[in-house]
Enquirer: 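Got a structure here, written out as structure tokens. Questions coming.
Letters A, B, ... mirror the listed sequences (proteins, then strands); counts begin at 1.
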2 protein chains.
Amino acid sequence: MTDKPRHSWVTIRDRIREMILNSTYGPGDKLPRDEEFAGRFGCARSTVHRAMQDLAQNGLVQRRRKGGTTVQRDPVTRATLNIPITRLEVEQKGSVYRYQLIRQSMQPPSAAILANFGLHEARPMLRVEALHLADSRPYIFEDRWICLETVPEIKDVDLTRESANEWLVRNRPYSRCDLRLYARRGTKSDSEILQSDVGNALFVMERTTWIGDAPITSLRAVAHPGYQLFTQG
Amino acid sequence: MTDKPRHSWVTIRDRIREMILNSTYGPGDKLPRDEEFAGRFGCARSTVHRAMQDLAQNGLVQRRRKGGTTVQRDPVTRATLNIPITRLEVEQKGSVYRYQLIRQSMQPPSAAILANFGLHEARPMLRVEALHLADSRPYIFEDRWICLETVPEIKDVDLTRESANEWLVRNRPYSRCDLRLYARRGTKSDSEILQSDVGNALFVMERTTWIGDAPITSLRAVAHPGYQLFTQG
DNA sequence: GAGTGGTCTAGACCACACG
DNA sequence: GTGTGGTCTAGACCACTCG
């Protein structure tokens, strides 16, 4: 039955948030300086800073040096997607995972892939097409390009045994990730690979990653009909 | 041409990340204590803490009191989606936004909505069906339920003028948001509202929000064919 | 130039989780 | 119990940016 410490940054955050909610400070308003809040709450400035850091991260306020802290005028809904390794995703659903390499070859990247990376000149890349299966049924088909300059070791990996997805996630942390999600009607080619009806609604995820400025990989993953992507757990 | 301060937490973070990348510490390995790193780098422990906070947030390491810091065994790709107010999304694309209220009524929530909220008993809710248009073409159709106990003021809002989306985002910050994304074939009803062909692939976003434990709203938004959802800018 | 947030430090204590 | 991360403090200086 212990109370929350009066000066915990969580408490401070909730108090400030409460003031925003009850319109003590409305959208676009400037909040008091951190130091002012610190004095008012009887805590250290750094505690207010920690609270503000959290509010800013959740998009409720905006902070600028000299400009101060303002209540976000047009809040955005922020949601964090956790995209696990496909094998683990399948296994966590209690299904048996299987993986199948379809094609693998060195290719000059298509214009679309170059655009994803924001590159102006072609670089040597490895293209890998593979299918992830759950209980022997097609789960996700991925068409992936890997930059050989950034990831030369990939040439020595046996991609018939381990998926590029898994190897990369385990061995090549990225510093930036672009994501694009959309729905698409299944083509004849989709239907053959995913064993689904032509014209079915398919969920598509396009993902491009970099380490620093160096491109790592860009892929289009097409999921089986019925696939859903969630936030959190 | 100023160098980055030797003890900036960003520098410390990059150094630690580098050690993880070059396999000084591999997946599952335990990292030295923060204090150990601090001594090694010649900085304060809190600086190491700040660096670790960032690495943990990006899913590269996992931290536990007493258990120490370990390199994440199965990294997850984390992507943050920014979902703006629909009106702003449309306007930022340079299109003219229009909004159309289709239906509005008090209704007992369906079982699916109750499940979204994790509620066991029905509560009074307002159901709002509305269409967002871009350049007079259907953009997103939303079917929304709003909990009247949590948001009683919504009864006094003129939803023919302002969308529930906009009013809620501006006036009801949330503390928790669940998101579910998937693709679905358009039904006859979809095709009429969105003026698209029956059977088209539609992108669906289901979103449920709470403030504390109190349910705010739960909605299903169906986008026009061709809609894409991005990360960041 | 000057005001505000961002960071770094050194030290203290707390809280959780493992043995 | 005990070790580790989490937090809080007080103070100093830095860096961005607005006027």
Side-chain angles (χ1 to χ4, degrees), chain A residues 1-17 19-20 24-25 27-73 75 175, chain B residues 1-17 19-20 24-25 27-73 75 233:
Chain A
M1 209 49 129
T2 56
D3 286 316
K4 195 171 290 184
R6 264 185 38 262
H7 296 323
S8 124
W9 69 264
V10 176
T11 307
I12 305 294
R13 178 200 63 188
D14 290 346
R15 285 222 249 170
I16 296 174
R17 183 199 286 159
M19 288 192 282
I20 294 173
T24 304
Y25 303 103
D29 284 359
K30 189 170 167 179
L31 291 178
R33 296 158 33 230
D34 287 6
E35 203 171 358
E36 162 70 20
F37 264 137
R40 216 184 281 187
F41 291 136
C43 68
R45 178 164 79 96
S46 48
T47 306
V48 176
H49 180 73
R50 183 67 184 82
M52 288 295 194
Q53 182 187 338
D54 190 77
L55 292 173
Q57 191 148 40
N58 287 325
L60 203 59
V61 302
Q62 192 177 39
R63 314 200 82 201
R64 266 172 319 171
R65 288 160 142 128
K66 166 80 178 181
T69 306
T70 53
V71 179
Q72 191 64 259
R73 206 177 270 282
S175 58
Chain B
M1 208 52 137
T2 55
D3 286 316
K4 195 169 289 185
R6 268 187 33 262
H7 296 323
S8 124
W9 68 263
V10 176
T11 308
I12 305 294
R13 178 200 62 188
D14 291 346
R15 286 223 248 169
I16 296 174
R17 184 199 287 160
M19 288 193 282
I20 295 173
T24 305
Y25 303 102
D29 285 359
K30 188 169 169 180
L31 292 177
R33 296 156 36 228
D34 288 5
E35 202 171 358
E36 163 71 19
F37 265 136
R40 218 184 280 185
F41 292 134
C43 69
R45 177 164 80 97
S46 48
T47 305
V48 176
H49 179 73
R50 182 68 184 83
M52 288 295 195
Q53 182 186 338
D54 190 77
L55 292 172
Q57 192 150 38
N58 287 323
L60 203 60
V61 303
Q62 191 178 42
R63 315 199 81 200
R64 266 172 320 174
R65 287 161 143 131
K66 167 77 177 181
T69 306
T70 52
V71 179
Q72 191 65 259
R73 206 176 271 283

Enquirer: Taking all atoms of both residues into account, what is the closest heavy-atom pair of Ile16(B) and Leu55(B), and its distance?
Expert: CG2-CD1, 3.7 Å
Enquirer: Taking only side-chain nitrogens and oxygens of Thr47(A), does any of them come within less than 4.0 Å of OP1 or OP2 of dT9(D)?
Expert: yes
Enquirer: If you check every side-chain atom of Ala44(B), which of dC8(D), dA10(C), dG6(C) has the closest atom?
Expert: dA10(C)
Enquirer: To the nearest Å, give me how far apart CZ (Arg50(A)) and P (dC8(D)) are.
Expert: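 One finds 9 Å between P of dC8(D) and CZ of Arg50(A), rounded.
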Enquirer: Looking at CE of Met52(B) and OG1 of Thr47(B), how far apart are the two atoms once the value is rounded to the nearest 0.5 Å?
Expert: 12.0 Å
Enquirer: Write out all pairs satisfying ring pair (Phe, Tyr, Trp, His ring centres under 6.0 Å) with one or both partners inside residues 43-69 of chain B, taking only residues at least two apart or from two chains.
Expert: none
Enquirer: Could you go through residues 34-44 of chain B and list every donor-acceptor pair under 3.5 Å that involves a side-chain atom there, pairing it with any protein atom two or more places apart or in another chain?
Expert:
from, atom 1, to, atom 2, distance (Å)
Asp34(B), OD1, Arg63(B), NH2, 2.4
Asp34(B), OD2, Arg63(B), NH2, 2.6
Glu35(B), OE1, Arg33(B), NH2, 2.9
Glu36(B), OE2, Arg40(B), NE, 3.4
Glu36(B), OE2, Arg40(B), NH2, 3.1
Arg40(B), NH1, Tyr25(B), OH, 3.4

Enquirer: Just jot down the side chain to side chain donor-acceptor pair (under 3.5 Å) partners of Thr24(B), sequence neighbours excluded, or say none.
Expert: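 Applying side chain to side chain donor-acceptor pair (under 3.5 Å) to Thr24(B) gives Asn22(B).
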Enquirer: Give a yes/no answer on whether the side chain of Arg64(B) brings an N or O atom under 4.0 Å of OP1 or OP2 in dC18(C).
Expert: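 The answer is yes; a side-chain N or O of Arg64(B) sits under 4.0 Å from OP1 or OP2.
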Enquirer: If I take atom CG in residue Asp34(B) and atom C1' in nucleotide dC8(C), what distance separates them, rounded to the nearest angstrom?
Expert: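 Atom-to-atom, Asp34(B) to dC8(C), this comes out as 15 Å.
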Enquirer: How long is the line joining CH2 of Trp9(B) and C1' of dG6(D), in whole Å?
Expert: 17 Å
Enquirer: Select base, sugar-phosphate, or nothing to describe what Gly68(B) touches, counting heavy atoms under 4.0 Å on all strands.
Expert: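 Here Gly68(B) touches the backbone only, sparing every base.
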Enquirer: Measure CZ/Arg13(A) against C1'/dC8(D) and give the value in whole Å, please.
Expert: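 Spelled out: CZ on Arg13(A) to C1' on dC8(D) is 16 Å.
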Enquirer: What integer distance in Å separates Leu31(B):CG from dG3(D):P?
Expert: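 Taking atom P of dG3(D) as the reference, CG of Leu31(B) is at 20 Å.
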Enquirer: Please enumerate all residues that pass salt bridge (charged side-chain N to carboxylate O under 4.0 Å, His left out) together with Arg13(A), with sequence neighbours excluded.
Expert: Asp54(A)
Enquirer: Hey, is the side chain of Arg33(B) poking within less than 4.0 Å of OP1 or OP2 on dG3(D), counting only N and O atoms?
Expert: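 For dG3(D), OP1/OP2 do not have a side-chain N/O of Arg33(B) under 4.0 Å.
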Enquirer: To the nearest Å, give me how far apart CD (Gln62(B)) and C1' (dT4(D)) are.
Expert: 14 Å
Enquirer: Under 4.0 Å between a side-chain N or O of His49(A) and OP1 or OP2 of dG6(C)?
Expert: yes
Enquirer: Specify the separation, in whole Å, of atom CG of Asp54(B) and atom P of dT7(C).
Expert: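 Roughly 10 Å, once rounded to whole Å.
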Enquirer: Which residues pass the side-chain contact (heavy atoms from CB on, under 4.5 Å) test with Gln62(A), sequence neighbours left out?
Expert: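 If we apply the side-chain contact (heavy atoms from CB on, under 4.5 Å) test to Gln62(A), skipping adjacent residues, the hits are Thr70(A), Gln72(A).
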Enquirer: Once you round it to whole Å, what is the distance between P of dC18(D) and CZ of Arg63(A)?
Expert: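 Between P of dC18(D) and CZ of Arg63(A): 15 Å.
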Enquirer: List, with names and distances, any nitrogen or oxygen atoms from the protein found under 3.5 Å away from nitrogen or oxygen atoms belonging to nucleotides 11-15 of chain C.
Expert:
from, atom 1, to, atom 2, distance (Å)
dA12(C), N6, Arg45(B), NH2, 3.1
dA15(C), N3, Arg65(B), NE, 3.4

Enquirer: Would you mind telling me which residue lines up with the more 5' stretch of DNA chain D, Gln53(B) or Lys30(B), judged by nearest nucleotide?
Expert: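 Taking each residue's closest nucleotide, the earlier one in sequence belongs to Lys30(B).
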